[in-house]
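For reference, the structure discussed in these notes is given below.
All of these numbers come straight from a predicted model, not from anything done at the bench. Computation of the quantities below employed the complete heavy-atom set of this structure, encompassing side-chain atoms and omitting hydrogens, waters and symmetry-equivalent molecules.
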Amino acid sequence: MQQTIQQILIRYWGFDKFRPLQEDIILSVLSGKDTLALLPTGGGKSICFQVPALAREGICIVVSPLIALMKDQVEGLNKKGIKAIAIYSGMHIREIDIALENCIYGDTKFLYLSPERLKSELILERIKSMNVNLIAVDEAHCISQWGYDFRPPYLKIAEVRTLLPNVPVMALTATATADVVKDIQAKLLFKQENVFQKSFSRTNLTYTVLFEEDKLTRILLVAQKISGSGIIYVRNRKKTKEIALFLFKNNISADFYHAGLDIQTRDTKQDNWIKGVTRIIVCTNAFGMGIDKPDVRFVMHVDIPDSLEAYFQEAGRAGRDEKKSFALLLYNNSDIIDLKRNFEDSFPPIVFIRNVYQALGNYFKITIGAGEMQTFSFDINDFINVYNFKPIVAYKALQFLEKEGYILTSDNFNDSSKVYIPITKESLYKFQVSNSAYDPFIKTLLRAYSGIFTEFTKINERELAKKLNTTEEAIVKTLNILHKFEIIIYESVTNLPKITYLTARTNIENVVFSQENYEFLKHVAQKKLDSVITYVTSTNKCRNEMLLGYFGETNISRCGTCDYCRQRNKANLSKLDFDNLVSQIKPILLVKELTIEEIVKHVNGYHEDKIINVLIWLIDNNNIVQTKEQKLFWNKTHHHDDN
């Protein structure tokens with residue numbers, strides 16, 4: 001008998017009740033409906049597809065773009081005793097084969113796939129033989145060109161649906177505008193629109209934007225004033241180290257984190273921060289995905305993010321325990337200039353993008369027609385130096401090639417080396433007899449690691465070196481020799497990022513970029529840039545209202561705690577009174593200049609103190625301008641929202 005969803009929740013997660021909306025979403029999927037779940041960061045999205053998948057016979061296919069996140073979820077499920085595996089770019093073909101066999105004939109409940117894997121005929125063929133009960137699409141905004149992280153391989157999910165016509169789809173995302181919500185459902189071929197959306201409002205989170213020339217002093221003040229754990233986001237790697245060191249020198253426990261560090265170092269830094277050994281982590285946006293630390297008291301952005309979606313998701317990592325927390329953003333005029341320059345660099349000319357594609361093929365020595373689904377270690381600094389490219393523009397060209405589905409870039413994900421023995425025990429024994437020099441090594445390997453004949457097994461070269469009383473270098477050398485002899489398959493750990501060719505290398509003239517598509521992506525990015533700049537520079541609307549309005553929410557009231565609202569509250573007026581007074585003052589000052597005394601005579605129904613409070617507030621916020629003759633007039637050039 002199948003367990004109820006409540007029994008599954010208690011058994012595997014230890015919770016006795018679902019969070020708001022979770023149960024509705026699960027029941028929607030179990031009734032066979034395609035379902036889109038919009039839940040804010042930390043809103044328990046994974047439970048929404050994991051519980052219904054466990055409640056039904058068969059396997060759930062999960063499409064996710066982030067290898068680190070996939071690995072975390074697979075590890076988490078395996079620890080609960082639920083069989084889950086992940087297939088992503090860079091894996092050995094034999095390892096993929098074993099994983100797929102387990103999905104068809106074994107007891108695997110979850111198959112995590114990176115979206116580009118859906119381009120593989122091998123995988124599509126094997127999916128046909130699986131008993132699939134659900135297709136879950138994580139980070140579903142990646143399917144939409146209107147979204148802030150469009151990835152063409154996501155469009156392949158629609159093809160998977162045609163192979164599994166009766167299997168429902170669940171799409172999940174934390175950030176999507178109204179356009180993107182519609183687009184996700186259309187691209188995923190929803191039989192009918194079906195959205196469950198929790199309000200993005202976070203009443204415990206106070207948003208503050210500060211114009212700040214001396215950012216270091218402000219960072220220190222915030223770190224001293226707000227106790228508890230914090231995240232400080234910056235745009236470049238060098239700054240992570242500089243700010244962490246500055247805090248450390250001022251007796252604040254801090255560390256830095258970015259994608260250029262090796263995996264062991266990143267894991268250690270992340271664990272120390274999660275456990276509270278380190279109080280503040282200074283990082284690039286490589287940090288935070290999949291981290292569920294509920295007691296983060298503040299998230300500070302020292303540089304302006306590229307989009308409000310990215311900002312909302314990163315800021316939302318504060319206060320998941322629903323206690324009072326702060327999201328702070330520091331900016332100055334040069335930041336806005338940098339942001340605009342960065343936007344221009346993000347759209348290099350199409351001819352330059354093609355040149356980067358050509359250079360990449362030459363760099364990896366791939367012949368025309370070869371390279372499809374092959375993965376290469378990639379030292380971007382070396383690549384840039386060899387071809388004399390401007391770093392930021394070359395990096396953006398690579399992103400464009402990724403957006404168009406030619407390549408996939410990913411951080412190093414081999415956090416440990418792996419070994420698999422593809423030959424039979426008898427063949428291995430024969431090799432040991434005829435190559436006695438390798439016999440002690442092979443025996444030690446077999447004793448140390450069970451399961452090495454059936455699956456790719458994580459190994460530790462340092463541990464093997466201790467056991468055999470030799471050096472780590474000697475162990476690596478022996479593993480490579482045995483790999484050459486095809487006695488083992490050895491995948492060594494690497495600290496370099498990877499590039500996977502999603503299609504075979506083609507002639508440069510065949511690298512097609514539709515000018516129309518290029519312009520469309522630029523137009524979408526420009527709108528996102530404008531929204532961020534408006535949010536940052538605005539002094540006349542509640543931050544919470546601006547963010548929620550951007551995501552299509554209506555009937556929102558002022559939060560009362562953001563920097564705008566705190567200024568407004570100083571006027572000691574209710575929203576109704578404030579709005580009534582502005583609606584009387586504005587029409588008068590649009591047509592003529594008046595002194596404060598003259599305005600007080602024109603306004604009805606309010607005491608003089610209240611009228612003056614509103615006038616002072618409007619002057620402070622540049623809605624009203626005061627002349628040398630102490631007369632006031634309404635500032636028509638000021639971008640405002642009378643609120």
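Side-chain contact check for Phe256 versus Lys269: some heavy-atom pair is nearer than 4.5 Å. Looking only at side-chain heavy atoms (C-beta outward), Ile624 and Ile585 come within less than 4.5 Å of each other. Ile281 has its side chain out of reach of Lys293: every pair of non-hydrogen atoms, C-beta onward, lies at least 4.5 Å apart. Contact of the Phe400 side chain with the Val356 side chain is not registered, since no non-hydrogen atoms from C-beta on lie closer than 4.5 Å. With contacts defined as side-chain heavy-atom distances shorter than 4.5 Å, the pair Met170/Val137 does not qualify. Inter-residue side-chain proximity for Ile336 and Ile304 is flagged as met; some heavy-atom pair is nearer than 4.5 Å. With a 4.5 Å cut-off on side-chain heavy atoms, Leu36 and Gln197 do not count as touching. Looking only at side-chain heavy atoms (C-beta outward), Arg317 and Tyr233 come within less than 4.5 Å of each other.
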Before giving the answer on salt bridge (Lys or Arg N to Asp or Glu O under 4.0 Å), spell out for Arg235 and Asp338 the whole-Å C-alpha distance, their side-chain angles and the decisive distance to 0.1 Å.
CA-CA 11 Å; Arg235 198 178 271 281; Asp338 288 346; over 6 Å; no
Walk me through it: do Glu519 and Gln515 pass the test side-chain hydrogen bond (donor to acceptor under 3.5 Å, both in side chains)?
CA-CA 6 Å; Glu519 294 302 335; Gln515 188 69 36; 2.9 Å; yes
Give the intermediate values and the outcome of side chain to side chain contact (heavy atoms under 4.5 Å, CB included) for residues Leu69 and Glu139.
CA-CA 11 Å; Leu69 210 52; Glu139 308 294 335; 4.1 Å; yes
Test side chain to side chain contact (heavy atoms under 4.5 Å, CB included) on Phe200 and Leu38 and set out the steps.
CA-CA 9 Å; Phe200 288 153; Leu38 259 88; 3.8 Å; yes
Please report the C-alpha distance between Asp138 and Lys45 in whole Å, then the side-chain angles of each, then the deciding distance to 0.1 Å, and finally whether the salt bridge (Lys or Arg N to Asp or Glu O under 4.0 Å) criterion is met.
CA-CA 9 Å; Asp138 204 6; Lys45 291 194 292 294; 5.5 Å; no
Pair Thr284, Thr240 - check side chain to side chain contact (heavy atoms under 4.5 Å, CB included), show working.
CA-CA 7 Å; Thr284 59; Thr240 63; 3.9 Å; yes
Going through the checks in order, is the side chain to side chain contact (heavy atoms under 4.5 Å, CB included) test met by Asn342 and Lys396?
CA-CA 10 Å; Asn342 192 43; Lys396 294 297 181 181; 4.0 Å; yes
Before giving the answer on salt bridge (Lys or Arg N to Asp or Glu O under 4.0 Å), spell out for Lys527 and Asp530 the whole-Å C-alpha distance, their side-chain angles and the decisive distance to 0.1 Å.
CA-CA 5 Å; Lys527 278 181 74 176; Asp530 294 343; over 6 Å; no
Verify ring pair (Phe, Tyr, Trp, His ring centres under 6.0 Å) between Phe287 and Trp273, making sure each step is shown before the conclusion.
CA-CA 11 Å; Phe287 183 82; Trp273 178 75; 5.2 Å; yes
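Environment of NZ in Lys522: crowded, with over 12 heavy atoms of neighbouring residues, nucleotides or ligands closer than 6.0 Å. Within 6.0 Å of NZ in Lys182 there are 12 or fewer heavy atoms belonging to other residues, nucleotides or ligands. Environment of CD in Glu608: sparse, with no more than 12 heavy atoms of neighbouring residues, nucleotides or ligands closer than 6.0 Å.
Interatomic distance, NZ of Lys541 versus OG1 of Thr534, reported as 11.0 Å (0.5 Å rounding). Between atom OG1 of residue Thr561 and atom CZ of residue Arg566 there is a gap of 7.0 Å, rounded to the nearest 0.5 Å. Interatomic distance, CG of Leu247 versus CG of Leu220, reported as 6.5 Å (0.5 Å rounding). In this structure, the separation between CZ on Arg558 and CD on Glu545 is 7.5 Å, given to the nearest 0.5 Å. For the atom pair OG1 (Thr537) and CG (Asn333), the distance works out to 10.0 Å, reported to the nearest 0.5 Å. The OG atom of Ser28 lies 4.0 Å from the CG atom of Asn194; values are rounded to the nearest 0.5 Å.
Shown here for Ile353 and Pro348, the closest heavy-atom pair between the two residues is CD1-O, 3.6 Å. Contact record, Gly319 with Asn204: O-ND2, 2.8 Å, taken as the closest heavy-atom pair. Residue Ile280 comes nearest to Thr278 through the heavy atom pair O-CG2, 3.4 Å, listed as atom of the first residue, atom of the second, then distance. Closest non-hydrogen pair, Ala394 versus Phe389, comes out as CB-CB, 3.7 Å. In terms of heavy-atom proximity, Val299 sits nearest to His301 at CG1-CE1, 3.9 Å. For the pair Glu553 and Ser199, the tightest heavy-atom approach, listed with the atom from each and the gap, is OE1-OG, 2.9 Å.
Annotation: cation-pi pair Lys324/Phe326 present, NZ/CZ under 6.0 Å from the ring centroid and within 45° of its normal.
Gln626 and Gln630 are linked by a side-chain donor-acceptor pair at a separation below 3.5 angstrom, with hydrogens and angles left out of the test. Neither side chain, Asn250 nor Gln224, offers a donor N or O lying under 3.5 Å from an acceptor on the other. There is no side-chain donor-acceptor pair under 3.5 Å between Asp183 and Gln145. For the residue pair Thr539/Asn622, the side-chain donor-acceptor check at 3.5 Å is not satisfied. Looking only at atom types and distance, the side chain of Ser325 has a donor-acceptor partner in the side chain of Arg297 under 3.5 Å away. Checking Thr173 against His141 by side-chain atom types alone, a donor-acceptor pair falls below 3.5 Å. Neither side chain, Thr177 nor Asp179, offers a donor N or O lying under 3.5 Å from an acceptor on the other.
With hydrogens and angles ignored, the 3.5 Å screen pairs a side-chain donor or acceptor of Arg543 with a backbone N or O of Tyr535. Judged purely by atom type and a 3.5 angstrom limit, Asp345 has no side-chain atom pairing as donor or acceptor with the backbone of Val393. Listed for the Gln313 side chain is no donor-acceptor partner under 3.5 Å among the backbone atoms of Thr175. With hydrogens and angles ignored, the 3.5 Å screen pairs a side-chain donor or acceptor of Lys215 with a backbone N or O of Val302. Although no hydrogens or angles enter the test, the distance criterion places a donor-acceptor pair under 3.5 Å between the side chain of Arg279 and the main chain of Gly228.
Under the rule for a side-chain hydrogen bond (donor to acceptor under 3.5 Å, both in side chains), Glu593 has no partner lying at least two apart in sequence or in another chain.
A distance below 6.0 Å separates the ring centres of Phe578 and Trp617. Taking the six-membered ring for Trp and the full ring otherwise, the centers of Tyr550 and Phe312 sit at least 6.0 Å from each other. In summary, the aromatic rings of Tyr207 and Tyr564 are positioned with their centroids too far apart to meet the 6.0 Å limit.
For the side-chain contact (heavy atoms from CB on, under 4.5 Å) with Ser201, the qualifying choice from Ile556, Leu547, Leu548 is Leu548, the only one to do so. For the side-chain contact (heavy atoms from CB on, under 4.5 Å) with Leu188, the qualifying choice from Leu155, Ile157, Asp34 is Ile157, the only one to do so.
In this pair, Phe347 and Tyr518 present their aromatic rings perpendicular. The plane angle is above 60°, beyond the 30 to 60° band.
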